[in-house]
Amino acid sequence: MKAIGAIIVVLALAIGIIPQFTDCLSQGGAIELPGGATIPMRCHWTRQAEVAVAIPLGVVGIAMVASRRRHTRRVLSIVTVSLGLAAVLLPAYLIGVCASEEMICVMVMKPTLILAGILTMAVGLVGLVYLRD
């Protein structure tokens with residue numbers, strides 16, 4: 001179970017760090033309003049929300065390494081699956097990314113987060129299967 005916990009921590013780091021460098025705002029892109037002000041694009045808000053997913057996911061990974069009870073690890077595996085689903089839904093459906101196919105957030109951030117979320121859900125499911133009664 002220590003290996004599963006370590007994998008969860010690595011996935012949490014990927015979910016939290018990769019969007020910081022692959023959204024349009026980090027590349028200098030923003031929406032310019034008619035008055036001259038600029039606002040961030042949707043991918044910026046997805047980036048912020050993924051941090052809110054990555055932090056508890058990292059805590060779950062650390063708790064998975066530290067925990068000795070089967071029931072606790074089973075619950076942590078369920079939380080892992082839920083957070084992995086959140087990591088997938090944020091760029092795909094809930095907030096989304098930019099509409100242009102040429103933006104870095106569409107080409108790099110969205111597929112990376114979806115892959116990391118699917119891997120997170122898979123690791124959580126492996127933990128559940130391993131810990132079944």
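Here the options are Leu131, Ile7, Ile4, the test is side-chain contact (heavy atoms from CB on, under 4.5 Å), and the partner is Val126; only Ile4 passes.
The CE atom of Met109 lies 5.0 Å from the OG1 atom of Thr46; values are rounded to the nearest 0.5 Å. Interatomic distance, OG1 of Thr80 versus CD1 of Ile8, reported as 3.5 Å (0.5 Å rounding). Atom CZ of Arg47 sits about 11.5 Å away from atom SG of Cys105, to the nearest 0.5 Å. One finds the CG atom of Leu76 at 10.5 Å from the CG atom of Leu128 (value rounded to the nearest 0.5 Å). Once rounded to the nearest 0.5 Å, the distance linking CG of Leu57 with CE of Met64 reads 9.5 Å. With rounding to the nearest 0.5 Å, the separation of OG1 in Thr22 from CD1 in Ile17 is 11.5 Å.
Both Leu113 and Leu119 belong to a single network of hydrophobic side chains, linked directly or stepwise wherever heavy atoms of I, L, V, M, F, W or Y lie under 4.5 Å apart. Note on Val10: it does not cluster hydrophobically with Val65, by side-chain heavy-atom contacts below 4.5 Å among ILVMFWY residues. In terms of hydrophobic clustering, with Ile, Leu, Val, Met, Phe, Trp and Tyr side chains grouped at heavy-atom distances under 4.5 Å, Leu115 and Ile18 are assigned to different clusters.
The shortest side-chain heavy-atom distance between Lys110 and Cys43 does not fall under the 4.5 Å cut-off.
Nearest heavy atoms, Ala14 versus Pro19: O-CD, 3.7 Å.
Put simply, the side chain of Arg73 never gets that close to the backbone of Gly127: no donor and acceptor are under 3.5 Å apart. Arg132 contributes a side-chain N or O that, together with a main-chain N or O of Val129, makes up a donor-acceptor pair within less than 3.5 Å.
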When the side chains of residues 81-103 are checked against the rest of the protein, which donor-acceptor pairs come out under 3.5 Å, sequence neighbours left out?
unit_1, atom_1, unit_2, atom_2, d
Ser82, OG, Ile78, O, 3.1
Ser100, OG, Glu102, N, 3.3

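Here Ile55 is tied into one hydrophobic group with Val51, each link being a pair of ILVMFWY side chains closer than 4.5 Å.
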